[in-house]
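Worksheet: the structure to be examined is printed underneath.
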Amino acid sequence: MINVTGLLKRLAIGRAMRSEELHETLLPKRLALPIFASDPLSSVAYATQEILLVLTLGGLAYLHFTPWIAAAVVALMAVVVLSYRQVVHAYPSGGGSYEVVSSNLGASAGLVVAASLLVDYVMTVAVSVASGVDNIISALPGLAEHRVALAIAFVALLTGVNLRGLRESGRAFAAPTYLFIAGVLIMVGTGLLRYLLGRPPVAESAGYGITGDPADTGLAGFALVMLCLRAFSSGCTALTGVEAISNGVPAFRKPKSKNAATTMAVMGAIAVAMFVGVTTLALVAKVHITDDSCRLTGLVGDCGSHTQRTVIAQLASAVFGGESSFGFYFVQAATALVLILAANTAFNGFPLLADILAQHRYLPRQLHNRGDRLAFSNGIIALALAAGLLLWFYKADVTSLIHLYILGVFTSFTLSQTGMVRHWNRELRDEGAAPETRRRGQAARVINALGAVVTGLVLVIVLATKFTQGAWLAVVAAVLLWLMMRGIRRHYDATAAELAAPDPRAELVRPSRVLVIVLVSTLHKPTLRALAYARAFKPDQLEALTVAVDREETASLERQWHELDIDVPLKVIDSPYREITRPVVEYIRSIRRSSPREVVGVFIPEYVVGRWWEHLLHNQSALWLKSRLLFTPGVMVTSVPWQLTSSARADHPAARAPGSVRRGEPPGGRPPSPPAETGRGSEPEG
């Protein structure tokens, strides 16, 4: 019979890949760029807009600060890119900031970085998708009421593509990313050429004035500095995702470090060129945008229902000749696509970091498992669920989400660069190093020290300017995640210590006696099979056990037992309150109390069924029995299956292959995890 579920799975994510095929998923630079750098490249679409939105809180008078703020963002981008190129070469294993900080500043500081990055990856997906939906709505305003549904649908689509594996997602995302780069550069080049020829493009909002927020008008001194710092911190969204390449070094083709560093340099150059171009063109075209349409002066109609187009949309319309031009729709389509696909940076960074944390026992081990396509499927799904909930809660509103953004990134930047300074200090203490090596180390230390100071200042600015606007939620989430990871590690450590066998011979001492009990409710084939299997173990004592819930049924069972002359004694436990689990558990525990060195084996006949609804009809009582007996020391529970006809439909290679549990390592790597539980139910049948 056709396995419909398996067929749908194969259609959705493709054929399962063998562990030996892992090398085939490694990425060339042309695919690594759109996978790992789509976030910082796409940030160009809203980084300039975020600067303008903050500056116009004081009215149009403060827009002349835009070039200086943009220059500060560019300088910061250059420092961060240079710093992370050092990380890529020094720590090529893929841990990125987490590995740098853990190795140089300690495990607790490393967990701070890990928690911050995990939160920021979730925010990356939410902000990128919400911003992409905004650009779609700018071109098709009628979709505004479906904002949340569109955002969640795009998250689901990204999840499906990423479950198909790194290489396939790279192929899917390469074209939109390169089209976006081409579209923005052509738009910027055309617009600036028109400006030089004396026919500058004019944005649709150029004729509007903006009424400043009463709290932010007429600013001077400290208040003006704070406004500019707020604008700068918002513009720093252009740096989100820069660290993803350092986390994804193992996904590159050899030479991994060199290819990753080259990709990072290319990403930085393209991002800076696009950001500077869009910001310059926005000033030339006199784009006026505000967080509240009702603060626009000269607006015709109801301000409450007016939807402002994004900065990119206004520039494309102004440069290419209106909102009905091909250029406008091309740029909008490419922008919307790349913003949505920018979330792919997080879909690659989050699972890789979660895998490393799971190996270090800070997250559940399931996050280390690879799926059918050798992707870390559990991490991908966890990220999608968290981002989807965030989009639903904040109604996919970019302005609300952006305040929770970038805090984690700059925490990571600051601590990782500080860790790199300590790394170079340790390297330079080696007096036997060659002079050229020492010179390179000293230069790298200066770069990382500068990066630590600059990103530390930005972290303080971001925290001070965004904390009360919603960034405190990101701080709380990171703290809770940090505590959770510490708790998970304590649990795994305690479990390992408890299970350790310093003297294996002590664990191999044979019990004094072995008593095997076969649970019986009805005398039928499953019961006879369980009795036969129990005899095969040759226990010191074997008995059958039944609970007298219905006296007539119990009397009938006893008659059948004697008529068939079964040479196993049948013990009957009375149950006046019609319970099954409690009398059995109490009887077995009484045996253990009277003979602590005696091992009790409990054999439970079970039905194996093939249809999901049949599980609801069978094997429920023994599920409770087994769950209770598992907590009783010295008791071994054995399930004896009896396959019903319907189970044959589930016993198909396509339904099981290539396995339901996979580890993150190819053969020869880490040892496999314990097998997963089967889909069989559990209960003695009657």
Side-chain angles (χ1 to χ4, degrees), residues 36 76 79-124 239-250 257 260-261 264 346 349-363 367 406-429 441 444-460 462-463 474-475 477-489:
F36 291 111
L76 181 62
V79 170
V80 170
V81 169
L82 286 173
S83 299
Y84 269 95
R85 279 172 56 86
Q86 309 299 328
V87 172
V88 165
H89 286 294
Y91 293 90
S93 62
S97 299
Y98 166 70
E99 185 177 356
V100 171
V101 176
S102 297
S103 301
N104 297 286
L105 302 180
S108 294
L111 278 189
V112 171
V113 168
S116 300
L117 282 177
L118 290 175
V119 171
D120 200 75
Y121 282 137
V122 175
M123 293 307 309
T124 295
L239 278 75
T240 55
V242 169
E243 82 293 337
I245 291 177
S246 67
N247 292 334
V249 176
S257 294
M264 183 167 284
F350 183 100
L352 287 170
L353 179 57
D355 163 53
I356 293 170
L357 290 168
Q359 290 183 57
H360 294 175
R361 297 183 293 181
Y362 287 115
L363 286 179
L367 293 170
I406 77 173
L407 192 63
V409 152
F410 279 96
T411 301
S412 166
F413 286 169
T414 304
L415 289 176
S416 67
Q417 300 315 306
T418 304
M420 284 300 295
V421 171
R422 295 195 67 175
H423 166 79
W424 294 121
N425 286 340
R426 187 170 59 250
E427 293 291 316
L428 290 170
R429 281 198 293 268
R445 181 173 61 179
V446 170
I447 292 172
N448 290 130
L450 178 62
V453 172
V454 172
T455 55
L457 289 173
V458 176
L459 176 61
V460 172
V462 170
L463 194 59
V475 175
V479 170
L480 291 176
L481 192 55
W482 185 87
L483 292 172
M484 183 192 76
M485 289 191 289
R486 290 290 297 267
I488 290 173
R489 177 60 187 261

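FYI, side chains are in, hydrogens and waters are out, and symmetry mates aren't considered; it's all heavy atoms of this structure. Worth saying up front: this structure is predicted, and the values here are computed from it rather than measured. Note that the numbering runs from 1 along the sequence shown for the chain.
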Drop me the distance from [X]'s [atom1] to [Y]'s [atom2], to the nearest 0.5 angstrom.
X      : Y      : atom1 : atom2 : result
Met485 : His360 : CE    : NE2   : 12.5 Å
Arg445 : Leu450 : CZ    : CG    : 14.0 Å
Gln86  : Ile447 : CD    : CD1   : 4.5 Å
Arg429 : Asn425 : CZ    : CG    : 6.5 Å
Met264 : Leu82  : CE    : CG    : 10.5 Å

Item to check | Ser97/Tyr84 under side-chain contact (heavy atoms from CB on, under 4.5 Å): CA gap, chis, key distance, verdict | outcome: CA-CA 9 Å; Ser97 299; Tyr84 269 95; 2.7 Å; yes

With [X], which residues qualify under side-chain hydrogen bond (donor to acceptor under 3.5 Å, both in side chains), at least two apart?
X      : answer
Arg422 : none
Arg85  : none
Gln417 : Ser83, Asn448

Over all heavy atoms of both residues, which pair between [X] and [Y] is shortest? Give the atoms and the distance, please.
X      : Y      : result
Arg486 : Leu111 : CD-CD1, 3.3 Å
Trp482 : Ser108 : NE1-O, 3.2 Å
Thr411 : Ser116 : CG2-OG, 3.5 Å
Thr414 : Ala452 : CG2-O, 4.0 Å
Val249 : Ser257 : CG1-N, 4.2 Å
Val88  : Ala260 : CG1-CB, 3.6 Å

Checklist entry - Quick one: side-chain contact (heavy atoms from CB on, under 4.5 Å) partners of Leu483, sequence neighbours excluded? => result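 Once residues adjacent in sequence are excluded, the partners of Leu483 under the side-chain contact (heavy atoms from CB on, under 4.5 Å) criterion are Val479.
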
Next on the checklist: Under the criterion side-chain contact (heavy atoms from CB on, under 4.5 Å), I'd like the reasoning laid out for Phe410 against Thr455: C-alpha separation, chi angles, the key distance, then a yes or no.
Outcome noted: CA-CA 6 Å; Phe410 279 96; Thr455 55; 4.2 Å; yes

Item to check | Residues in ring pair (Phe, Tyr, Trp, His ring centres under 6.0 Å) contact with Tyr121, at least two apart in sequence or another chain | outcome: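 Tyr121: no ring pair (Phe, Tyr, Trp, His ring centres under 6.0 Å) contacts found.
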
Checklist entry - Among all residues two or more places apart in sequence or in another chain, which pass the ring pair (Phe, Tyr, Trp, His ring centres under 6.0 Å) test with Phe350? => result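 Result, ring pair (Phe, Tyr, Trp, His ring centres under 6.0 Å) vs Phe350: none returned.
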
Next on the checklist: Apply side-chain contact (heavy atoms from CB on, under 4.5 Å) to residues Leu118 and Leu357 and explain how you reach the verdict.
Outcome noted: CA-CA 11 Å; Leu118 290 175; Leu357 290 168; 3.8 Å; yes

Checklist entry - Between Ser416 and Phe413, is there a donor-acceptor pair closer than 3.5 Å when you use the side chain of the first and the backbone of the second? => result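 Side chain of Ser416 to backbone of Phe413: a pair is present.
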
Checklist entry - Hey, what's the ring geometry for Tyr362 with Tyr98, parallel, tilted or perpendicular (30° and 60° as the breaks)? => result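 The rings of Tyr362 and Tyr98 stand perpendicular, inter-plane angle above 60°.
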
